[in-house]
Amino acid sequence: MEQQPVIAQAEEISITSQPLSKKAQKRAAKAARLQEQKAERRAREKEAKKRKRRERAEAGDAEPRKRRKMGGFDQTSFAAQVVIDLGFDDMMTDKEVTSLTSQLAYTYSANRRSSTPFTSLLFTSLNGRTKARLDAINDAGYKRWTNTKWWEEGYDRIWTSKSDSCGGDEDMDAHRASVVYLTADSEEELVELKEGEIYVIGGICDHNRYKNLCLDKAKTASIRHARLPIGRYIASLTTRKVLTVNQVFEILLKWVETRDWEQAFWSIIPQRKFQSKPTNLDASPEGKHVGEDEDQEDQEDADEAELVASNEDGDGEEDDQDGGVSSSRPQPVLSVAY
């Protein structure tokens, strides 16, 4: 009986003493290097924030805090609402949930920094691991995001809650008719965005495992559905047109700004999704590594999302270029069937 712990310990020593393969050594070295770079980056960002506060104090900056926070420029809101349907929590892995919450932070950041933002963002069916992950980031900083709403109920509350109003069923049908679920599987093509309408984006990262998921959900709810007109404007995008949540949202934002789908697609869709060989001018390191080191990319994405959630806190100040995180950074290869 006394020899068992000794044997187990010997086996453990034998296992841990086995040399790592060259590939494993490279991964370990890369992980250590990235961790060191992350710590250095955060230290620089903290120092940059302190320096800006000192400079503003010395200059006697009396500019309203709210204006600095909103980007320091005039914004013209587009009177439509975007809904992120989070009702897929039980269909994702833990890694996918982490990636999704990162994309939600980038979505909020993009709207907040836009010159033509949507009037509000609504996140529905918030529950399970997605809610737990958001609660854990920056002391539930998402609750302080400006111009956002968070529902535990599904998006059908948009029209079902209207059935109790004076308008009754007619009012409910009118609100249902204003909702459009965006999904790449729809045969209908979105021509333009209209003020007064509500656009739903499916909040799921699934490696393209589920077919017609959002389309079936829209049909069950008897609401309109449509796909972005990517194929009409970009023939070279030969892969299935599946994008991340924030990429879909940023395309919508860009269309509102430019009223030009082609410009919106070329501005937002990552170059790695185009199959043509890049020229020397277009070549980018991201294109060489599609599908590789996804775990590391997801971790980097999650780390930066924490910074976004912190920097975009409704009670904080917006960072400038040397302190903030861009909402249009390359995303990990996890897809959302918009």
Side-chain angles (χ1 to χ4, degrees), residues 27-73 75 94-95 97-115 117 121 123 130-148 150 244-247 249-250 285-286 293-332:
R27 286 182 176 176
K30 181 179 179 180
R33 186 168 61 254
L34 289 172
Q35 186 66 25
E36 182 179 352
Q37 291 173 352
K38 182 179 72 173
E40 294 175 353
R41 183 176 68 246
R42 290 189 173 181
R44 289 196 302 270
E45 288 166 350
K46 288 182 179 180
E47 182 58 34
K49 286 182 180 180
K50 292 180 181 178
R51 186 180 68 252
K52 290 174 199 171
R53 285 196 291 268
R54 288 197 301 268
E55 291 174 352
R56 285 196 291 266
E58 292 171 359
D61 185 3
E63 183 183 6
R65 180 184 179 93
K66 184 176 181 180
R67 185 167 179 81
R68 283 202 309 267
K69 191 171 65 176
M70 294 303 292
F73 55 84
Q75 293 178 309
D94 290 342
K95 184 176 72 173
V97 169
T98 297
S99 183
L100 173 63
T101 54
S102 302
Q103 294 172 26
L104 300 183
Y106 287 115
T107 296
Y108 168 69
S109 176
N111 196 56
R112 189 164 178 266
R113 296 168 184 263
S114 174
S115 60
L121 285 173
F123 301 84
T130 303
K131 184 178 187 302
R133 170 67 183 168
L134 286 170
D135 286 340
I137 299 176
N138 191 33
D139 191 25
Y142 72 96
K143 295 181 180 179
R144 298 183 292 276
W145 291 356
T146 57
N147 297 325
T148 64
W150 299 83
T244 62
V245 171
N246 59 293
Q247 286 165 359
F249 180 76
E250 289 181 52
E286 290 86 11
D293 296 327
E294 288 189 11
D295 290 339
Q296 189 62 53
E297 288 185 1
D298 294 340
Q299 185 57 50
E300 292 176 46
D301 192 60
D303 291 339
E304 293 202 20
E306 292 190 26
L307 291 175
V308 171
S310 176
N311 293 335
E312 299 299 334
D313 190 320
D315 295 330
E317 297 180 3
E318 179 183 6
D319 290 333
D320 294 329
Q321 291 182 352
D322 59 343
V325 181
S326 171
S327 62
S328 58
R329 66 178 293 277
Q331 298 298 312

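A donor-acceptor pair is defined here as one N or O able to donate and one able to accept, closer than 3.5 Å; no such pair exists between the side chain of Ser99 and the backbone of Lys95. Gln103 places a side-chain N or O within donor-acceptor distance of the main-chain N or O of Val245, the cut-off being under 3.5 Å.
Scanning both residues, Gln75 and Ser114, for their nearest heavy atoms gives NE2-O, 2.8 Å. When all heavy atoms of Arg133 and Val97 are compared, the pair lying nearest together is CB-CG1, 4.4 Å. Nearest heavy-atom pair across Asp135 and Lys143 is OD1-CE, 3.9 Å.
Arg112 contributes atom CZ, which lies 11.0 Å from atom OG1 of Thr148 (distance to the nearest 0.5 angstrom). Note that CG of Leu134 is 6.0 Å distant from CG of Leu104, once rounded to the nearest 0.5 Å. Taken from NZ in Lys38 to CZ in Arg41, the straight-line distance is 8.0 Å, to the nearest 0.5 Å. Distance CD/Gln35 to NZ/Lys30: 14.0 Å, rounded to 0.5 Å.
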Next on the checklist: Does Arg54 form a salt bridge (Lys or Arg N to Asp or Glu O under 4.0 Å) with Glu47? I'd like the steps, not just the answer.
Outcome noted: CA-CA 11 Å; Arg54 288 197 301 268; Glu47 182 58 34; 3.6 Å; yes

Item to check | Derivation and outcome, side chain to side chain contact (heavy atoms under 4.5 Å, CB included), residues Thr130 and Thr101 | outcome: CA-CA 7 Å; Thr130 303; Thr101 54; 4.1 Å; yes

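In summary, of the residues considered (Phe249, Tyr106, Trp145), a side-chain contact (heavy atoms from CB on, under 4.5 Å) with Asn111 occurs for Phe249 alone.
Using the six-membered ring where Trp is involved, Phe123 and Trp150 have ring planes that are parallel, under 30° apart on the 30 and 60° scheme.
In this structure, a donor-acceptor pair under 3.5 Å is absent between the side chains of Asn246 and Tyr108.
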